[in-house]
Amino acid sequence: MKSLTPSSPMDLKSITRTPALGWTHNRVSPARLIVRCVSRYDSANVDSSSGGATAMTGHNFGAGNVGRARHEWQSACAILASKVVSQQQDTEKSSGGADGISAVNGHPTLDLVPVNKSNSPAPLPKPLSIADLSPAPMHGSQLRVAYQGVPGAYSEAAAGKAYPNCEAIPCDQFEVAFQAVELWIADRAVLPVENSLGGSIHRNYDLLLRHRLHIVGEVQLPVHHCLLALPGVRKEYLTRVISHPQALSQCEHTLTKMGLNVVREAVDDTAGAAEYIAVNNLRDTAAIASARAAELYGLQILADGIQDDSGNVTRFVMLAREPIIPRTDRPFKTSIVFAHDKGTSVLFKVLSAFAFRNISLTKIESRPHRNRPIRLVDDANVGTAKHFEYMFYIDFEASMAEPRAQNALAEVQEFTSFLRVLGSYPMDMTPWNPSSSRED
Ligand SMILES: O=C(O)C(=O)C[C@]1(C(=O)O)C=C[C@@H](O)C=C1
């Protein structure tokens, strides 16, 4: 377990919002915080100037952590006040074998010792849950990056690519990763938004709208999937393959070609699937996950590179409380979301605002939105709730520091009822060769 005792820990009461300054840290909590479950990246090929982080999928194998009683969720905490940690140690001592669900969600099973190269036990980060967000956040010197999932997930790798020396903080849901940043528990969140095979990760677009974080960077992560099982298990024994739905869809044809007679089951993250197999000693089940997950959870690699396309890549965005200042000295991308409630050809007019200025669009996505009203504020600062049928997301290749982008957006604003700039950030220009890259 890695413990940090920050010089200026904060509690929730110390965070207030001021209109001019955004989030302000007013008061230092005396409580000493301990961050456990932190993985560190010491090497990566990343463009650190892009800033960024990754979010990781949580694992709800039938049950989530949300709503747990305090004594229960303490065992799943990634960030705890020191008194919580000592209580947790008691809990861990008294809990013998845990059932699969709590083991995966709360990691209480001490039997599951990750296998590292020296074969010695190594503590693994535990995912944050909603309930963990109440203890006081802390400030350390390293950038803390929240991601959804458990160690070994691709989102963790994306966090390391975006911020090579970051402390990666696992969260059990995307929502928790957002809240970790909003509550100053983390500095960034990393969120997968699109895969070259599976397409958009729609839920994350909805989350971008619901939260007030800013996109401050992007990373493209080559995703190299492996089929993992317990040591000694042969492919013929398998009746089930479990993984994140995106990973299952990215390997669909290869699994079929392999002739496996298996059912496919979706779980919340790839590495969580590997961990689940290890914790529950499942000899009939394989996981689709990274080679790093195999190493962490003591699984063997039955097949390597099982993604349907060797150029399989997932795009992640990094989120922060404050936007970065857009520049013009390197290629930037800008992401917006808008909605309109009346008028014809609005979409056509919006697109032409970019076309006339030679601004390339890299993405357009529409999301049904009827059930969640958006609060619109008029010039007199009066807010009204409004329902829009669809939200439209656009990414375009220009920086908000460029007049052509500003003019295009001014025009878009005329045609639309709601417009929000999600972020203007450096493009990930990393040249990538599928045959030579392996980021997992
Ligand atoms: O499950 C993981 O390991 C993740 O990081 C999530 C995720 C995703 O949401 O798309 C990230 C990259 C891969 O495309 C597969 C899964």
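These numbers were taken from a predicted model, which means no experiment stands behind them. For ligands, and for the atoms within them, numbers begin at 1 and follow the listed sequence.
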Side chain, backbone, both or neither: which part of [X] comes within less than 4.0 Å of ligand 1 when only heavy atoms are counted?
X	value
Q250	side chain
I201	side chain
T270	both
P192	side chain

Which ligand 1 atoms, with their elements, are less than 4.0 angstrom from a heavy-atom of Q246? 10 (O)
Quick one: does H225 get an N or O within less than 3.5 Å of an N or O on ligand 1? no
Flag the pair [X] and [Y] as a salt bridge only when some basic side-chain nitrogen lies within less than 4.0 angstrom of an acidic carboxylate oxygen.
X	Y	result
K363	E365	yes
D395	R315	yes
E218	K333	yes

Do N312 and Q250 have side-chain N/O donor and acceptor atoms under 3.5 Å apart? yes
Can you tell which of A158, S155, G149 gets a heavy atom nearest to atom 4 (C) of ligand 1? S155
Any side-chain to backbone donor/acceptor pair from Y154 onto H224? Under 3.5 Å, distance only. yes
Plane angle bin for Y393 and Y205 - parallel if under 30°, tilted between 30 and 60°, otherwise perpendicular: perpendicular
